[in-house]
Amino acid sequence: MDAAAPILVFDSGVGGLSVLAELRKALPAAPVIYAADNGGLPYGTKSEAEIAARVCGLLGRMSERFRPRLICIACNTASTIALGMVRDVLAVPIVGTVPAIKPAAAITRSGTIGLLGTAATIRQGYVDRLAAEFAGDKVLLRHAAGELVGAAEGKLRGQPLDPGVIARAVAGLRSQPGGTAIDTVVLACTHFPLLRDELAAGFGGDVAMIDGAAGIARRIAHLTRDQAFAPTAPDFALFTRADADPDALLPALRHYGIARIEVLQ
Ligand code: DGL
């Protein structure tokens, strides 16, 4: 294994940075490429076929060009739809992101869990299977909160957050039958932990916000435990389309250890 080979962290936009933050804690010396299919954002409103084709095609091109040691699909929408297909076509180890229903089921006291995801994620059979396997004796209420994706993208570019977006996400779960009993919310889209404080305030202080980022970082650390890391250049972001306002985004990227943006050719 080339010690300079990167870990490629992939999302449709900036959401995967919530996973990268945990990965930095677990593996501070690991070279990383932060890849965002911003040309395809948002994934959550697209069809399964469209998402699968984009994710398989892009990860194929990116791995041929950059030879990552491991790919992390830091996107619940892409993972719940295309993880199996990507593993079938690429020889590189792939770590996916799946809704953190198992840890949520372990901590809920009321037995009612809320799940916020994109429209594409919450309709997946993958989510039904996780719910049946780990939360069969709980109530799991789902809400498609795709509006939060744009809000998180805006927040990282320094734009003001519309409080109505948070209020609508909260109401989408609370207004369902039994929704007042929710004491644990699964943030089943990697963009949503970027709004954790705002969502936690919206639900009220006693409601726990759970996501899978720390578990994903632990899994990557385990899979690379015998490998050496020796970066030869600063980490960069790889976008599928030039960002409209890179100067607004770069300060946030730098906070996650990303020095510059490159556009996939
Ligand atoms: N960050 C992605 C996820 O975890 C989806 C955002 C989008 O709709 O593109 O589901």
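In listed order, ligands and their atoms are each counted from 1.
Ile261 has its side chain within reach of Leu250: a pair of non-hydrogen atoms, C-beta onward, lies under 4.5 Å apart. Looking at heavy atoms from C-beta onward, Leu27 lies out of side-chain contact with Gln227 at the 4.5 angstrom threshold. Within the 4.5 Å cutoff, the side chain of Leu148 has heavy atoms near those of the Ile166 side chain. For the pair Ile122 and His143, the minimum side-chain heavy-atom distance is 4.5 Å or more. Using a 4.5 Å heavy-atom threshold, the side chains of Phe10 and Val86 count as separate.
Annotation: Thr190 places an N or O atom under 3.5 Å from an N or O atom of ligand 1; distance criterion only.
Looking only at protein heavy atoms, the nearest one to atom 10 (O) of ligand 1 is Thr77 OG1, 2.6 Å. The protein heavy-atom contact nearest to atom 7 (C) of ligand 1 is Tyr43 N, 3.3 Å. Nearest protein heavy-atom neighbour of atom 1 (N) of ligand 1: His191 ND1, 2.8 Å.
Remark: Asp197 does not engage Lys155 in a salt bridge, criterion side-chain N to carboxylate O under 4.0 Å. With salt bridges taken as basic N to acidic carboxylate O contacts below 4.0 Å, none links Glu64 and Arg61.
Scanning both residues, Ala119 and Gly44, for their nearest heavy atoms gives CB-O, 3.6 Å.
Taking a 4.0 Å cut-off on heavy atoms, Cys75 registers as neighbouring ligand 1.
The atoms of ligand 1 that sit less than 4.0 Å from any heavy atom of Leu41 are 9 (O). For ligand 1, the atoms lying closer than 4.0 Å to a non-hydrogen atom of Ser12 are 5 (C), 6 (C), 7 (C), 9 (O). Atoms of ligand 1 lying under 4.0 Å from any heavy atom of Gly44, numbered from 1 in the order shown and given with element: 7 (C), 8 (O), 9 (O). Atom numbering of ligand 1 starts at 1 in the shown order; those under 4.0 Å from a heavy atom of Thr118 are 5 (C), 8 (O), 10 (O). Which parts of ligand 1 touch Asn76 is read off a 4.0 Å heavy-atom cut-off, strictly below it: atoms 3 (C), 4 (O), 10 (O).
Under 4.0 Å from ligand 1, the heavy atoms of Asp11 that appear belong solely to its side chain.
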